[in-house]
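Below is one structure, written out as structure tokens; comments come after it.
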Amino acid sequence: MAYDDGFPRTEAVRSVTARVLGSSGTELTAVYVPAEGDGDLQLAETVGGAGVPSGLPARCALSGDSPIATAFRTGRTLWLGPAEGAANAPMGVLPLGGDAQRLGCLVVVDKATDAFGPDRRSLLELHAEQVAAGLEALAVRVVGRPQAPRAGRLGPGLDTLRGGAFTLGLSTGRIDADAQVLELFGIAPEEFDGRVETLLARTAPDDVPALMAIVEPGRLPSPGQQLSFRIRRHNGELRWLSLRCRVPAAADGTPERVLGVVADAAYLRPSADEVAIVRRLSAALAGATTIREVSRVVVEALRAPLAAGRVAVAELEADRFVVTVLDPPEPGAWPEEWRSEWRSEWPDAARHRLPTLEAALRAGHVALWPPGAALEPGLAGIGPGGLAVLPLPADGRMVGVCLVGWEQEHRFGPEERSLLTATAGLAGQALVRAHALDAGHELTTMLQRSLLPRKLPKLPGGVAAARYLPATVGLEVGGDWYDVIPLSDGHVALVIGDVEGHSAGAATIMGQMRTAIRAYAVEGHPPDVVVAHTNRLLVGMETDLFATCCYVDLDMEEGIAWFVRAGHLPPLLRHPDGSTEEMAIAGGPPLGVVADGEFPLTEVGLAPGTVLALFTDGLAESAHLPLEHGLRRVREVFGAADPGDAGRVADDLLGSAKHRHDDVAVLVLRYDGMRVRPTRARWAVWRLPDAVMHARRFTARTLRSWQVTEEMDVALLVVSELVTNAIAHTQGEVLLDLTLAADRLRIAVNDASPRAPVKPVSVDWESTGGRGLLLVEAMSVAWGSVPLSGGKQVWSEIGLQPGERIARGGAGGPAEG
């Protein structure tokens, strides 16, 4: 494998390398990097070695079996004694870089036989990680992109690798730091008192919490974690340092001490442009109150300045990455694995399915992947020209991750690293703050969401979709509600309303209004009566709150709708030709204002393909948007939406309400019309001794005309039991309704008693009664009872065989009696 160098050596290599490698504390330290041209490993520089017989070769073949080549190929650290290949002295060979990119090897030699004890090995491994990070930064600075440094490319940039080691006793707080650490902090060795507080006093106040999260007792940093922080020297200089540490445990498993390596991180010092970007980002994040808003601010702050092609922000929830913002938002711009449930929710993925992100979270620092890097399918294609992974830290833990991808080949400069690191810290803290606000907001909206329908019913001849969003300004719950109520005879009621105010009281009134309207509607009252009854109920509650409401009774068979409006905004109608209109619906006063208010009916015919939209005023009006302008904008969005998808129409309407001062509820119905209309027949049961016989004969004639023969006996048995119960236990008129729709036959008996039938818990088989409802239940696909105005209806549905069909020529027996 050949390498193209193209970067000349410098005369400062030896002096700079001496400062860098001398900080390891061993008697001989050497760095091997890939050689120019042939791919062997070449000795770049050595430090020390007086009186130490090392026998280190100038070059090592990558295919050879030397310890240096073996460590480079395998990525495993080797600790060798003289009998294991070391030249008369203990030796350590530590690979530099990870599996994705090997940068070289660090070789340390010490003549003391016990030189490489457990603590010394841990410190040297940390030192190797620092050297690797610096070599990678040097390659970026010189070449403009991440790649393994070459023997000809080591220059003054190696000064960034300068560092030292320390040991901190967790029980005592005493720290043993070498001269290099003290020099970095600007403390003379004779002035150091051995207390960790002395070093923390030099740390920038904003970075102290993150540093304390690592050095305080009981906190275990992740393996390989790096922390970048700032210190202020005596002369006022602000310096970037980086820390890597490990925490060995005592025999009982408790943390015992901290072993750490501190190095200069001057390459993290921000430029003037980066400072301005960070300041703007900080100001924007201060006004972000939700997780989505925080994510959008981060995307806006990074994509344009970095000329990135894709930016994604994901929050870490338990063991999953939950995406909060994607830019661009089009599904085709992201991996296939991200597109599940795309329309309803943002995608998420388990941590173990994205090992690259999981490793970045453990490391705790920005990870950069060059063009063409081999990544898992969940990340493939996000950054074909380069990918940056930013873990988002807060309160000593990782709360999320940000992905930045480029389409064209991208060079990662040191200034970019500084910007990404600063952005990650600000975004992490903002996410935690927004999460707390979101949690409070979720608690306040939980009451309202529990009072709204969990799901909408499936409708014959149409599709309904609803959306509700709470206000983003303030945490008080509102009183918006919606409902879809299936009624008898192929009718459906659509309801939307808004209780005045934002409080728990408003939500309580909302729940009572929705329950009352549903009860009055199911009883069979006309639309104007339903609204009038609800109005009187609210007036009788003696509350200071009032409510607006729009009620629609739609005949799904005929396409005729009756509208009643009580102080609410008029609905919008989208005709099959794409034109829209604001419906001229006669209106009455809001509910709860006048006890004897009048609520006129307005009848409108709907053609198949018509879309109806009901919404609350939060969609069209705000403190900065007059109602007239808001209605015009909502109508424009409604007209441009795809009528074939009711859910998408509702989503598009909500898209115009990002910053909400009020709750928003939207209810959309696409009316398709019924391809096969149900066939009905009705019989008024005569109260005669042989009433059940006449009801059975009517049922038999009707079913024969409908060509329903195989389930004839079952239907006659159900009719017998339901009619017998009505005749025996009620007074007044009894009606028998038969409805044939699709694959079911519905049998319903109406009577004048409001008392619902009670199925016996147990039956004495010697008794003559009590078995009727058990037989109905056994014969039916479903059965039940619903209240009606002045009585009730008991119904049963019987499944039909696939061969039974409705006769085209017969409409069934006519109503008799």
Side-chain angles (χ1 to χ4, degrees), residues 1-3 21 24 26 28-46 54-87 89-110 115-136 138-139 146-151 153-154 161 222-226 244 246 259 261 355-356 358-360 362-363 365 367-370 372-376:
M1 178 178 180
Y3 295 101
L21 302 182
S24 69
T26 57
L28 173 64
T29 308
V31 168
Y32 283 83
V33 296
E36 305 174 23
D38 56 11
D40 290 346
L41 293 176
Q42 179 178 339
L43 180 63
E45 194 59 69
T46 61
S54 64
L56 295 178
R59 299 175 73 92
C60 292
L62 284 177
S63 59
D65 58 357
S66 67
I68 299 172
T70 301
F72 184 87
R73 290 196 310 268
T74 63
R76 293 185 294 107
T77 298
L78 302 178
W79 300 103
L80 309 171
E84 299 168 299
M91 174 190 296
V93 184
L94 299 91
L96 301 177
D99 293 337
Q101 184 180 52
R102 197 80 67 217
L103 304 173
C105 283
L106 177 71
V107 179
V108 291
V109 182
D110 204 313
F116 300 129
D119 285 0
R120 188 74 177 281
R121 291 185 178 186
S122 294
L123 287 172
L124 287 171
E125 288 171 355
L126 291 172
H127 181 77
E129 292 176 6
Q130 290 283 20
V131 172
L135 285 175
E136 184 181 6
L138 175 63
Q147 65 176 59
R150 306 292 176 247
R153 290 179 177 160
L154 300 180
L161 307 186
S222 302
Q225 180 174 349
Q226 173 178 305
R244 291 178 183 268
R246 294 182 180 178
L259 306 175
V261 171
T356 298
E358 192 172 21
R362 287 197 303 266
H365 59 85
L368 304 176
W369 293 85
L375 299 173
E376 57 266 29

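With rounding to the nearest 0.5 Å, the separation of CH2 in Trp79 from CZ in Arg120 is 8.5 Å. One finds the CG atom of Leu96 at 5.5 Å from the CG atom of Leu106 (value rounded to the nearest 0.5 Å).
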query = Given Leu62 and Leu41, is the side chain to side chain contact (heavy atoms under 4.5 Å, CB included) satisfied, shown in steps?
reply = CA-CA 7 Å; Leu62 284 177; Leu41 293 176; 3.6 Å; yes
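Counting all heavy atoms, side chain and backbone alike, Val261 lies closest to His127 at CG2-N, 3.8 Å. Of all the heavy atoms in Pro67 and Leu78, the pair that sits closest is O-CD1, 3.4 Å. The heavy-atom pair separating Leu103 from Phe72 by the smallest distance is C-CE1, 4.3 Å. Leu43 and Pro57 get closest at one heavy-atom pair: CB-O, 4.0 Å. Closest of all the heavy-atom pairs between Val93 and Ile68 is CG1-CA, 3.9 Å. What you find for Leu94 and Leu124 is that their closest heavy atoms are CD2-O, 3.5 Å.
Residues forming a side chain to side chain donor-acceptor pair (under 3.5 Å) with Ser122 (at least two apart in sequence, or on another chain): none. Applying the salt bridge (charged side-chain N to carboxylate O under 4.0 Å, His left out) criterion to Glu358, with sequence neighbours excluded, gives no partner residue.
No donor-acceptor pair under 3.5 Å is formed between the side chain of Arg73 and the backbone N or O of Asp65.
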